[in-house]
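Just so it is clear, the structure is predicted and the values come from calculations on it, not from any experiment. Residue numbers start from 1 in every chain, and the chains themselves are labelled A, B, ... in the order their sequence lines are given, proteins ahead of strands.
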Number of protein chains: 2
Amino acid sequence: MFSIGELSRRTGVKVPTIRYYEQMGLIAAEARTAGNQRRFSKQGLERLHFIRHGRDLGLPLETIRVLAGMDPTDHAEGHRIANAHLADIRDRIARLMRLEAELVRISTRCSGGTADGDTCSVLAAFGDHDQCDEDH
Amino acid sequence: MFSIGELSRRTGVKVPTIRYYEQMGLIAAEARTAGNQRRFSKQGLERLHFIRHGRDLGLPLETIRVLAGMDPTDHAEGHRIANAHLADIRDRIARLMRLEAELVRISTRCSGGTADGDTCSVLAAFGDHDQCDEDH
DNA sequence: TCTTGAAGCTCTAGGGACTAGAGGGAATAT
DNA sequence: ATATTCCCTCTAGTCCCTAGAGCTTCAAGA
């Protein structure tokens, strides 16, 4: 049986975060000591690893709850969630890459070498959305 | 002079969000009507464009506040902020791409075609952090 | 056995960037 | 004059934690 601190050390999840997960119903302490302290079994440890891993992958807690409560022989559903999330991540990458390109454009345009008294073109670019590739 | 709704339509920033920005001290209505409604000038419109653009670029409101209050001839500082943010975005892209690779690995390993009664390998992979490239 | 210090407990509040809803008043078009 | 649309403030909720106050329990050494 592990204490909450032990669990924290073994998973890298902070103590208050574990308590928060408990409050959200994602994990439960198997037992409490006479003095009301949480004790977790190996199962709890594994479950917390599962949660942690899901979070590292960027899954919202709600999705993790669904996965954790899933029938482990239901291939289709697990697959569907993984693929949906993959699409989401690819979308985020694409958007960030557009931002990257725009920031490079903004930043290289202002070498800082223009005459004194000029408005910095970084600042100008931030104000001028029309030069931006994005469609809003 | 624009009403808040007019401003919203012209910038794509939702009305409650504009009020929120005002509350946070990022923008101020130039005037109020006799009936206490906000009226914004062209300057307000430009400022909101600036905020919007910064947010689209992923800058936190605090950074936008700094940029907006900056000396417009201070090239070095504008440059520094843009570059710092660029580094941040590149970091985020790198992390997301690692996630993408791992999700692809997880998802392709489970074709859903294994025998009935097997544990779905998507689920197994989520629980097994050791197979993951990331260092935690 | 006693004592100390680390670790645990609950509860509450904060953060960032909004979003939604209630319950009203103001502007505008007919 | 009225109907409709807009606007007002205020409060609370979202997500995923994080931090602090104030107190209790545990484990190890003297």
Engineer: Is it the case that atom CD in A:Q43 sees more than 12 heavy atoms from other parts of the structure closer than 6.0 Å?
Structural biologist: no
Engineer: How bent is the helix from C:dT1-D:dA30 to C:dT30-D:dA1, measuring the angle between the end axes built from five pairs each, rounded to 10°?
Structural biologist: 10°
Engineer: Reading DNA chain D 5' to 3', which nucleotide is the first, and which the last, to come under 4.0 Å of any heavy atom in chain B?
Structural biologist: D:dC7 to D:dT9
Engineer: Would you sort out whether B:R10 and B:E6 count as a side chain to side chain contact (heavy atoms under 4.5 Å, CB included), showing the intermediate values?
Structural biologist: CA-CA 6 Å; B:R10 285 174 186 249; B:E6 186 70 24; 3.1 Å; yes
Engineer: With a 4.5 Å cut-off on side-chain heavy atoms, are B:F2 and B:R39 touching?
Structural biologist: no
Engineer: Please find the pair of heavy atoms, one from A:L48 and one from A:Y21, that lie closest to each other, and give the distance.
Structural biologist: CD1-CD1, 3.9 Å
Engineer: It should be established whether B:T33 places a side-chain nitrogen or oxygen under 4.0 Å from OP1 or OP2 of nucleotide C:dA27.
Structural biologist: yes
Engineer: Taking it one step at a time, do A:L61 and A:Y20 satisfy side chain to side chain contact (heavy atoms under 4.5 Å, CB included)?
Structural biologist: CA-CA 11 Å; A:L61 291 184; A:Y20 170 75; 3.7 Å; yes
Engineer: Could you run through nucleotides 11-25 of chain C and give me one letter per nucleotide, 5' to 3': B if any protein heavy atom sits under 4.0 Å from the base, S if only the sugar-phosphate is that close, - if neither?
Structural biologist: ------BBS-----B
Engineer: Apply the test side chain to side chain contact (heavy atoms under 4.5 Å, CB included) to residues A:R32 and A:R38: give CA-CA distance (whole Å), side-chain angles for both, the deciding distance (0.1 Å), then the verdict.
Structural biologist: CA-CA 5 Å; A:R32 296 271 182 149; A:R38 290 167 183 83; 3.4 Å; yes
Engineer: Please identify which of these residues, A:T11, A:I27, A:I18, meets the side-chain contact (heavy atoms from CB on, under 4.5 Å) condition with A:I51.
Structural biologist: A:I27
Engineer: Name the nucleic acid region contacted by B:R32, choosing base, sugar-phosphate or nothing; use a 4.0 angstrom heavy-atom cut-off, strictly under.
Structural biologist: sugar-phosphate
Engineer: Can you tell whether the side chains of A:E22 and A:R19 come within less than 4.0 Å, N to carboxylate O?
Structural biologist: no
Engineer: Starting from B:M1, can I reach B:I4 by hopping between I/L/V/M/F/W/Y residues whose side chains sit under 4.5 Å apart?
Structural biologist: no
Engineer: Report the C-alpha distance between B:V13 and B:L7 in whole Å, list the side-chain angles of each, state the deciding distance to 0.1 Å, and finish with yes or no for side chain to side chain contact (heavy atoms under 4.5 Å, CB included).
Structural biologist: CA-CA 8 Å; B:V13 178; B:L7 209 62; over 6 Å; no
